[in-house]
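Sequential numbering from 1 along the given sequence is applied to the chain's residues.
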Amino acid sequence: MDDLKIIESCLLGNTQMFSRLIDNYKNMVYNLAYRMSNNPHEAEDISQEAFLRAYQSLAHFNPSYKFSTWLYQITLNIVRDKLKRKVIDYISLDTPVETDDSEFYPQPADLSNNPEQIIAQKEDAQVIRQVIHSLPLKYREVIVLRHLQDLSYIEISNILKLPSGTVKIRLYRAREQLKKILKASR
């Protein structure tokens with residue numbers, strides 16, 4: 001069942017159908033929230049709030065856009081609001097994540113067998129995440145959406161409600177800032 005039919009069904013009173021939209025998009029929303037907030041607990045809160053706002057505003061959804069684009073906009077607006085209020089708690093990427101049975105350090109999977117290369121790649125990834133997180137919000141948004149969420153310029157343009165030329169300029173400037181910061185740190 002496609003998104004528009006699910007939305008129609010929800011608007012006609014079958015609110016249980018909204019859980020299908022949540023199932024379809026929960027990873028996308030959480031991933032964006034985590035990459036923007038850098039905090040798993042905050043990302044969960046942002047995700048829940050995004051779906052709650054989407055549900056409450058479902059009648060205002062414009063079917064000429066993709067549901068995912070609209071949901072990205074809602075999620076980014078929540079992140080922006082929290083940043084304005086300075087509610088997001090920033091944690092070190094070195095801080096272990098507590099689980100029920102143990103703790104682990106969130107690191108990208110690496111299939112290489114060279115321990116030195118593994119350590120170097122993990123350190124590089126950590127530095128890049130920190131540098132991305134240090135960028136101004138307008139640059140961090142385009143970097144995360146383009147390079148970490150793999151969205152097209154048109155999708156980013158729709159999500160941020162900016163002309164595609166502005167998106168490209170912001171992306172260029174964000175990359176330049178990343179280069180400058182990374183060069184200075186070496």
Would you say Asn62 and Ser64 are linked by a side-chain donor-acceptor pair, where the criterion is simply a distance under 3.5 Å?
yes

Exercise: identify the closest heavy-atom pair between Gln177 and Pro136
OE1-CD, 3.5 Å

Just say parallel, tilted or perpendicular for the rings of Trp70 and Phe67, cut-offs at 30° and 60°.
tilted

Any donor-acceptor pair under 3.5 Å linking the side-chain atoms of Asn24 with those of Arg20?
no

Looking only at non-hydrogen atoms, find the nearest pair between Ala174 and Val142 and report the distance.
CB-CG2, 4.3 Å

Once rounded to the nearest 0.5 Å, what's the spacing between atom CD1 of Ile132 and atom CG of Asn38?
10.0 Å

Correct closest heavy-atom pair for Leu162 and Arg170 would be CD1-NH1, 3.2 Å

Spatial distance of atom CG (Leu21) from atom CG (Leu58) [nearest 0.5 Å]:
7.0 Å

How about Gln56: does its CD atom have over 12 heavy atoms from other parts shown lying under 6.0 Å from it?
yes

Glu176/Lys179 ion pair, N-O < 4.0 Å:
yes

Kindly indicate, with the supporting measurements, whether the criterion side chain to side chain contact (heavy atoms under 4.5 Å, CB included) is fulfilled by Leu76 and Leu145.
CA-CA 10 Å; Leu76 283 175; Leu145 292 172; 3.8 Å; yes

Check: Ala43 main-chain N/O paired with Ser47 side-chain donor or acceptor under 3.5 Å
yes

All heavy atoms of Arg146 vs all of Leu171, minimum pair found to be CG-CD2, 3.6 Å

Should Ile154 and Tyr65 be counted in the same cluster of Ile, Leu, Val, Met, Phe, Trp and Tyr side chains packed under 4.5 Å apart?
no

Return yes if a side-chain donor-acceptor contact under 3.5 Å exists between Tyr72 and Gln149, otherwise no.
yes

Answer yes or no on whether Lys26 is positioned over the face of Phe51, meaning its NZ or CZ is under 6.0 Å from the six-membered ring centre and within 45° of the axis.
no

Distance in Å, Ile128 CD1 paired with Ile181 CD1, rounded so as to fall on 0.5 Å steps:
12.0 Å

Contact check, side chains of Met17 and Lys5, non-hydrogen atoms, under 4.5 Å
no

What's the shortest heavy-atom distance between Glu49 and Ile78, and which atoms?
C-CD1, 3.6 Å

Worked check of side chain to side chain donor-acceptor pair (under 3.5 Å) between Arg175 and His147:
CA-CA 11 Å; Arg175 288 174 182 151; His147 295 292; 3.0 Å; yes

